[in-house]
Amino acid sequence: MRSISARAPLALLLALPLLAGCLERGRSPIAESMGDDDQYCQGGGKVAVGSPEYVACRKDRDVQRQNAEARTDRRQRDLGEYMMNNPDRH
């Protein structure tokens with residue numbers, strides 16, 4: 001019979017794919033597609049970090065990202081509701 005210490009690596013190996021999903025949480029594909037906010041808002045070095053134009057640009061980018069994520073979440077929820085209400089159509 002195997003000891004507990006021999007089962008631990010096996011359990012860890014089986015749990016590893018599940019834990020990898022946790023690392024992805026919090027990363028938004030929308031954020032990655034929008035690019036680097038600093039680089040975008042500086043405009044190639046034309047706008048100084050901390051200036052009113054830079055701050056306004058960063059706020060606008062945050063609002064754009066939040067709106068895009070809300071749309072994506074809404075679409076996903078709507079799809080789930082459609083599939084639940086129409087089980088014979090998918």
*Heavy-atom neighbours of Glu81 CD exceed 12 at 6.0 Å*: yes
*What residues, two or more places apart in sequence or in another chain, satisfy side chain to side chain contact (heavy atoms under 4.5 Å, CB included) together with Cys57?*
Tyr40, Cys41, Arg61
*Calculate, to the nearest 0.5 Å, the distance between atoms CD and CG belonging to Gln42 and Asp36 respectively.*
8.5 Å
*To the nearest 0.5 Å, what is the distance between OG (Ser51) and NZ (Lys46)?*
14.0 Å
_I'd like to check Asp78 versus Arg74 (side-chain heavy atoms, cut-off strictly below 4.5 Å). Are they in contact?_
yes
_Rounded distance (nearest 0.5 Å) linking atom CG of Asp62 with atom CD of Gln66_ = 6.0 Å
*Can Thr72 and Gln76 be said to form a side-chain contact (heavy atoms from CB on, under 4.5 Å), step by step?*
CA-CA 6 Å; Thr72 302; Gln76 184 67 32; 5.7 Å; no
_Interatomic distance, Asp37 atom CG to Lys59 atom NZ [nearest 0.5 angstrom]_ = 14.5 Å
